[in-house]
Amino acid sequence: MHIRLLTDRTGAEAVGIDLTKPVSADDKAALNRAFVEHSVLVVRDQRLTPPEVLTAVELFGPIFHQHNTKFALPECPQIHYISNQDTFPDGTRYIPGEGWHTDHSNDTRPPKATVLHAVTLPDVGGDTQFANMASAYTALPGAMQDRIAGLTAIHVYQNSHSTRKLMGLSDSNKERVPNAVLHPIVRTHPETGRKSIYINPIRIEGIVGMDHKEALPLLDDLLAHATRDEFVYRHQWRSGDLTIWDNRCLLHKANGDYDMTQTRYLYRVMLQGDVPR
Ligand code: SIN
């Protein structure tokens, strides 16, 4: 197995490994190191069935149970799918993950990582973008770092001010999902020790002790800063990619910029994380 950098800031690829075969302890350690060091790790050329996806993903940690079970595979419910072929109840097309976000930050222990395995891709487009929130934090002016130090955000399933809408939760899903949780706006990565901006445009309802008139522009400014090109890695999917990314220090977004008569379909799994601090 070889691991190669994709950019000098974010992303690495692993080639020469077949995740349907037993993985040695050395390769498992190298994959986990690459994931933590580069935040996005793309394992190339895999052709995995849903049970094989689970075995592969468990190399990186235990599975996190997703909040909305609507997209679970019936034959393997720990795996969900991402597809451009579903619609909202009003008939409009649903593109999952369109718009910058980090996954399930409305959980007390949000997933440390998300994994997608490409099954069917459009001929062109449908990339996933990743914003490196640790690099973005480091590049903030000192006055802004001081301003956001100690701020706490209120995370909910779907906030009241985002224009992007999520698929609604069923009644039984609602019972499992917390109403609101509090997380710091600056979090420290438990493995690298690096600080990151931890925001989520669709899930943050507000900032504790701050008026919306001040909080929402501040969150917008942080998002505009963090998603500048210099902090973004854009992943162009190849058939067989299994991509794992670190939700503790990245935002990501899907791009619905392709021919919608073509199918984009990927398997999706998340991994358990810890309480952001
Ligand atoms: C997601 O937000 O988990 C999906 C990203 C993608 O489909 O590219």
Side-chain angles (χ1 to χ4, degrees), residues 6 10-11 13 35 39-44 46 50 53 57 60 63-73 78-88 93-107 110-133 155 157-159 162-167 169 177 198-204 223 226-227 232-260 262-273:
L6 290 167
T10 308
E13 63 177 0
F35 158 67
S39 309
V40 178
L41 175 67
V42 185
V43 187
R44 301 285 192 193
Q46 307 302 308
V53 170
V57 165
F60 297 91
I63 308 286
F64 174 98
H65 293 284
Q66 312 208 22
H67 288 172
N68 194 338
T69 53
K70 181 175 169 57
F71 304 102
L73 300 187
Q78 284 170 298
I79 300 195
H80 285 215
Y81 68 85
I82 292 279
S83 166
N84 63 340
Q85 300 301 321
D86 286 318
T87 52
F88 283 109
R93 189 183 295 275
Y94 175 57
I95 305 290
E98 208 176 20
W100 290 107
H101 65 286
T102 178
D103 287 331
H104 285 51
S105 66
N106 60 316
D107 200 281
K112 75 169 184 178
T114 302
V115 184
L116 292 183
H117 182 37
V119 180
T120 307
L121 296 170
D123 294 341
V124 181
D127 302 345
T128 307
Q129 284 167 274
F130 298 95
N132 189 316
M133 305 303 278
H155 295 247
Y157 178 72
Q158 159 93 74
N159 68 26
S162 170
T163 50
R164 184 181 151 225
K165 296 293 167 230
L166 293 170
M167 197 66 93
L169 291 171
V177 176
Y198 191 60
I199 54 173
N200 199 353
I202 193 167
R203 302 223 195 241
I204 292 186
L223 182 68
T227 55
V232 173
Y233 164 63
R234 186 173 185 124
H235 183 61
Q236 291 180 301
W237 288 92
R238 291 188 205 158
S239 173
D241 282 355
L242 178 121
T243 299
I244 175 168
W245 67 83
D246 194 331
N247 286 313
R248 300 167 292 189
C249 56
L250 298 173
L251 290 183
H252 64 278
K253 76 168 187 171
N255 282 277
D257 58 354
Y258 50 95
D259 176 357
M260 288 294 155
Q262 299 186 355
T263 299
R264 181 178 186 272
Y265 185 97
L266 306 94
Y267 294 137
R268 181 172 193 264
V269 187
M270 296 192 287
L271 296 182
Q272 291 174 23

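Here the structure is a predicted model, which means the values were calculated and not measured. Order of listing sets the numbers, starting from 1, for every ligand and every atom in it.
Contacts of R93 classified as salt bridge (Lys or Arg N to Asp or Glu O under 4.0 Å), with partners at least two apart in sequence or in another chain: none. In this view, Q262 and P122, D123, D259 satisfy the side-chain contact (heavy atoms from CB on, under 4.5 Å) rule, not counting sequence neighbours. With sequence neighbours excluded, the residues that form a ring pair (Phe, Tyr, Trp, His ring centres under 6.0 Å) with H104 are F64, H67.
Counting non-hydrogen atoms of neighbouring residues, nucleotides and ligands closer than 6.0 angstrom, the CD atom of E98 exceeds 12 such neighbours.
Aromatic ring centres of Y265 and Y81 lie closer together than 6.0 Å. Ring centroid separation for the pair H252 and W100 does not come in under the 6.0 Å cut-off.
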List, pair by pair, the atoms of ligand 1 and of the protein that are both N or O and lie under 3.5 Å apart, giving the separation rounded to 0.1 Å.
{"from": "ligand 1", "atom 1": "2 (O)", "to": "H101", "atom 2": "NE2", "distance (Å)": "2.9"}
{"from": "ligand 1", "atom 1": "2 (O)", "to": "H252", "atom 2": "NE2", "distance (Å)": "3.0"}
{"from": "ligand 1", "atom 1": "3 (O)", "to": "R268", "atom 2": "NE", "distance (Å)": "3.0"}
{"from": "ligand 1", "atom 1": "3 (O)", "to": "R268", "atom 2": "NH2", "distance (Å)": "3.2"}
{"from": "ligand 1", "atom 1": "7 (O)", "to": "R264", "atom 2": "NH1", "distance (Å)": "2.8"}
{"from": "ligand 1", "atom 1": "7 (O)", "to": "R264", "atom 2": "NH2", "distance (Å)": "3.4"}
{"from": "ligand 1", "atom 1": "8 (O)", "to": "T128", "atom 2": "OG1", "distance (Å)": "2.5"}
{"from": "ligand 1", "atom 1": "8 (O)", "to": "R264", "atom 2": "NH2", "distance (Å)": "2.8"}

